[in-house]
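Let me begin by presenting the structure, written as structure tokens, before commenting on it.
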Amino acid sequence: MSPRTTPWNLDDLHTTAAPLDGRVPAGPIESIWDQHRFHMKLINPANRRKFTIIIVGSGLAGASAAASLGEMGYNVHNFCYQDSPRRAHSVAAQGGINAAKNYRNDGDSIYRLFYDTVKGGDYRSREGNVYRLAQVSNAIIDQCVAQGVPFAREYGGLLDNRSFGGAQVSRTFYARGQTGQQLLLGAYQALARQIHAGSVQMHTRSELLDVVIADGRARGIVTRDMRTGEIQTWAADAVVLATGGYSNAFYLSTNAKGCNVTAAWRAYKRGAYFANPCFTQIHPTCIPPAGEHQSKLTLMSESLRNDGRIWVPRQAGDSRKPHEIPEAERYYYLEEKYPSFGNLVPRDVASRNAKMVVDAGHGVGELRNGVYLDFADAIRRLGEDVIRDRYGNLFDMYESITGENAYKAPMRIYPALHYTMGGLWVDYNLMSNIDGLFVIGEANFSDHGANRLGASALMQGLADGYFVLPYTLGNYLAQAGKSSVDSSHPAFAEVSSEVQDKITRLLAIKGRRTVDEFHRDLGKILWEYCGMGRTAAGLQKALTLIPQLRAEFWEDVRVPGSAADLNQSLEKAGRVADFFEMGELLCLDALHRSESCGGHFREESQTPDGEALRDDAHFSFVSAWQHTGDDALPMLHKEPLEFKYVKLSQRSYK
Amino acid sequence: MKLKLRIWRQANADTQGRFQDYNLDHVSADSSFLEMLDLLNEQLIQAGEEPVAFDHDCREGICGMCGVVINGLAHGPARGLTACQLHMRHYKEGDTITIEPWRAAAFPLIKDLVVDRSAFDRIIQAGGYVSVSTGSAPDANAIPIPKKNADLAMDAAACIGCGACVAACPNGSAMLFTAAKVSHLGQLPQGQVERHNRVAAMVRQMDAEGFGGCTNHGECSAVCPKLIPLDVIGQMNRDLIRAVLSR
Ligand SMILES: Cc1cc2nc3c(=O)[nH]c(=O)nc-3n(C[C@H](O)[C@H](O)[C@H](O)COP(=O)(O)OP(=O)(O)OC[C@H]3O[C@@H](n4cnc5c(N)ncnc54)[C@H](O)[C@@H]3O)c2cc1C
Ligand code: FES
């Protein structure tokens, strides 16, 4: 079959009449999780061994789930594409993890964390899920401390907290600038203990290439052993995807090079709904690309905005060195436009404003693709030592990448793709619309609505893996029983032969352009038309360009080497092929949602002040897309969102 | 800039490897070391050759996946940096750069610059954890920990498991890696109960994996991208003696 080159005919868009049900139990929000747990069916500990669970992914979500389910006595198989589970991209999180401990006595509570998260998500998340997230947040910190996670402490020996991402309470726990690493090592060590005990079998350098679904239930997965190329099938009683986000569709992002959408996308193509793909988060403080060779972007912690002042030359095209530009000719655009929040406006506002000034020709640096983040005032006020103490490691990192000394000249920063709120649709039990297929961590869409607050992704990943999935999965297995099929079922042979065919096809093209060239071009389309500012015309353009480029990919890509070997070009080719399909859905969703909300900014929908303007009357729902065939438009299911506890309001940072 | 590269090419563990020379032009001083390898690989693919296989993922010095020996030094010349953080402004026009995989008995080669470091995982599996199952933890502030201990634990816990220490050691020893975990957990009250069993089990596994012994060269700490101090090895040895005596 040759891939479609023409854009979808959007007139064919079909929305199902029946609303999609998130299956949040009824009752007062404070007690639904407890009540739900009480009503769950349990599996006798002695019987758990008979249930096999596949968990794909060993980041915070996957490792915590695998360890916990292993401890409970299930027979767990855990997969990751790296050579060790400890390397999942959760390892790169710097800032911290939220919890409602209220150790600072500053008025925090479960309810406040819940409220802030729903509001921060711009009212596009499910209240019931978010409340539960806030509820289990405290147990996460307890668990991690017990594992030996070396969180920062005060001189009295108790845990330190900081305020993060504009929160008005100090609820963020951190381990220097390496919170993600330390939390992941905690989960990894718990996982290692279960591997040692024999309850978890770990499969490293194993890439999921497809999901097997038969008779409406997830039955297993197909993987490729990245060392030998062997295609293997794995059957189980339930499958859990914990495979992270899809920021890398944009090519340049703060994600690791291997991060991919393949697992979620393959599940989508087999019937799982993909929810809110257009909800992507762009982080304002990343180091701008230095040229075409740029392979990924590096985040500089948001905390830098506490002391750094953001500016550009007032006159477009001004190419003087920063210190040659007098104060009066500097445009401190955030401070001028948002006098009360200034440089601390939320991520999306800071990002959009940076784009505006750069697009208007005020960009700085050789490529004119950044804005200044200037510490000169802070250094004058506090001294270089204080700044070194606060941000020394970040300044070092900046210097190792750019060769510039940020104590002497301002940093250059620019926004970059960072996190994806969208993901596979799941119900309150974290199960997708496919029986037995669960999705946790960044890979699902569940808790962050249209915008994620800082330090809340680590919280969600661990909440899902330690404290939610182990219950809901057990409840499912207790009711559904063991899967009646093993890997001799014809569905496995069918799926693995499709996987083989795709590999054979990619290797046979022998075209002229490399996978990276195509990926870079796809990323440019998405960044240009589906990045910080989106318009109907731009998105329609992207929906025309992507199928064309995708068709070229399938005709002209060059994938060297063989299938039966470690072949990194082949690995990339498979992932990029999926990004090509996923990118189209991303743009479709962005086009369909003609309101602005959170990280999704439709230029047609803004307040007179240029803020994201929601359209609650028409868009207070989750968009869940169902695949209907390679050529056909996907079908839209809507899950209505109701807000019984949190009052809807328009954000304002003036 | 123009560079001469000498890169170790080896199809798999069963075949002979050798150095292959490449000339690479148009390397930007602003690109990272791995982006320089990307550039080479793009050209090799265009020319119909197989690209050089090398491990990498985060490209920001934290996942520990990357690691090659550059002109004889694990992770290259910059102290405290991984290969992915090293930038080409460290080099100049016409330089020759030799790139090899980690070489150690316990890290069998997979292909080109990619080796198998799963022995590290097995050392952790032998005991590098606190046995606390999900749900059984007391309140996080129930046990105060002096800031100094928490900081020392963090210093040791910063290890990224890249394996540079093993590659740099003339004996191929994994003492720094193992001791970093022993020291991290040994600093904390949570780690005390299993302290002696842990060190004994981890060292036993380390030996079983075929890592060499420590003869105090200190190369490990010198190349460590996270600057894990040599002291941790001394601490581990003391713990090990106590573990043996307490049998
Ligand atoms: C630079 C950076 C800084 C951040 N800082 C913070 C912060 O301070 N606070 C915060 O709360 N959040 C932060 N985040 C977000 C947060 O780190 C992530 O959202 C979260 O860690 C994701 O965890 P995860 O377990 O869902 O996925 P990941 O950690 O990405 O793990 C994905 C796993 O899936 C596996 N996998 C993926 N695809 C396949 C496949 N096809 N086959 C087999 N295995 C596969 C991988 O091997 C990996 O084990 C940050 C993110 C980035 C990028
Ligand atoms: S690629 Fe992650 S440390 Fe170098």
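Every heavy atom of this structure was used, including side-chain atoms; hydrogens, water molecules and symmetry mates were not. A note on names: the letters A, B, ... follow the listed sequences, proteins ahead of strands, and every chain is numbered from 1.
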Any donor-acceptor N/O pair, [X] side chain to [Y] backbone, under 3.5 Å:
{"X": "B/E209", "Y": "B/F211", "value": "no"}
{"X": "B/S118", "Y": "B/D121", "value": "no"}
{"X": "A/T179", "Y": "A/Q94", "value": "yes"}
{"X": "B/N41", "Y": "B/V52", "value": "yes"}

Please determine, among B/Q85, B/Q46, B/M36, the option with the most heavy-atom pairs under 4.5 Å with chain A.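 Winner by heavy-atom pair count: B/Q46.
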Among B/G128, B/P146, B/G61, B/A153, which has the most heavy-atom pairs under 4.5 Å with chain A?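 Top option by heavy-atom pairs under 4.5 Å: B/G128.
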Per-residue contact mode, [X] against chain B (heavy atom under 4.5 angstrom):
{"X": "A/S569", "value": "side chain"}
{"X": "A/D565", "value": "side chain"}
{"X": "A/Q294", "value": "both"}
{"X": "A/I195", "value": "side chain"}
{"X": "A/I401", "value": "both"}
{"X": "A/Q568", "value": "side chain"}
{"X": "A/I287", "value": "neither"}
{"X": "A/A139", "value": "neither"}
{"X": "A/F151", "value": "backbone"}
{"X": "A/R205", "value": "side chain"}
{"X": "A/Q147", "value": "both"}

If I measure from the heavy atoms of chain A, does [X] come under 4.5 Å with its side chain, its backbone, both, or neither?
{"X": "B/D38", "value": "side chain"}
{"X": "B/L188", "value": "side chain"}
{"X": "B/V114", "value": "side chain"}
{"X": "B/S136", "value": "backbone"}
{"X": "B/R59", "value": "both"}
{"X": "B/H26", "value": "neither"}
{"X": "B/I160", "value": "both"}
{"X": "B/S31", "value": "both"}
{"X": "B/K181", "value": "side chain"}
{"X": "B/A29", "value": "neither"}
{"X": "B/L185", "value": "side chain"}
{"X": "B/I110", "value": "side chain"}

To the nearest 0.5 Å, what is the distance between [atom1] on [X] and [atom2] on [Y]?
{"X": "A/S137", "Y": "A/I97", "atom1": "OG", "atom2": "CD1", "value": "8.5 Å"}
{"X": "A/N78", "Y": "A/T204", "atom1": "CG", "atom2": "OG1", "value": "10.0 Å"}
{"X": "B/Q10", "Y": "B/T15", "atom1": "CD", "atom2": "OG1", "value": "5.0 Å"}
{"X": "B/M1", "Y": "B/D95", "atom1": "CE", "atom2": "CG", "value": "8.0 Å"}

Looking at [Y] and [X], is any side-chain nitrogen of the basic one under 4.0 Å from a carboxylate oxygen of the acidic one?
{"X": "A/D142", "Y": "A/K101", "result": "yes"}
{"X": "A/R558", "Y": "B/E49", "result": "no"}
{"X": "B/E50", "Y": "B/R9", "result": "no"}

Give the member of [options] that has the highest number of heavy-atom pairs under 4.5 Å with chain B.
{"options": "A/R87, A/H196, A/Q189", "result": "A/R87"}
{"options": "A/R227, A/K510, A/R176", "result": "A/R176"}
{"options": "A/S90, A/A146, A/G156", "result": "A/A146"}
{"options": "A/R513, A/R193, A/R512", "result": "A/R193"}
{"options": "A/H89, A/Q82, A/M72", "result": "A/Q82"}
{"options": "A/L191, A/D516, A/T402", "result": "A/T402"}

Examine A/Y466 together with A/Y471 and report whether their ring centres are nearer than 6.0 Å.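 No, ring centres 6.0 Å or more apart.
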Measure from NZ or CZ of A/R86 to the centre of the six-membered ring of B/F120, then state whether that distance is under 6.0 Å and the direction lies within 45° of the axis.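 Negative - A/R86 is either too far from the ring of B/F120 or too far off its axis.
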Would you give me the side-chain donor-acceptor pairs under 3.5 Å for residues 63-70 of chain A, sequence neighbours excluded?
{"residue": "A/S64", "atom": "OG", "partner": "A/L60", "partner atom": "O", "Å": "2.6"}
{"residue": "A/S64", "atom": "OG", "partner": "A/A61", "partner atom": "O", "Å": "3.0"}
{"residue": "A/S68", "atom": "OG", "partner": "A/S64", "partner atom": "O", "Å": "2.8"}
{"residue": "A/S68", "atom": "OG", "partner": "B/T134", "partner atom": "OG1", "Å": "2.8"}

Please report the C-alpha distance between B/K226 and B/D155 in whole Å, then the side-chain angles of each, then the deciding distance to 0.1 Å, and finally whether the salt bridge (charged side-chain N to carboxylate O under 4.0 Å, His left out) criterion is met. CA-CA 9 Å; B/K226 297 296 141 181; B/D155 290 344; over 6 Å; no
Could you go through B/D151 and A/R153, starting from their C-alpha distance and side-chain angles, then the distance that decides it, and tell me whether this counts as salt bridge (charged side-chain N to carboxylate O under 4.0 Å, His left out)? CA-CA 8 Å; B/D151 286 346; A/R153 288 181 182 263; over 6 Å; no
How about B/Q20: does its CD atom have over 12 heavy atoms from other parts shown lying under 6.0 Å from it?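 It does: B/Q20 CD has more than 12 such atoms within range.
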For A/E571, side-chain hydrogen bond (donor to acceptor under 3.5 Å, both in side chains) partners two or more places apart: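 None.
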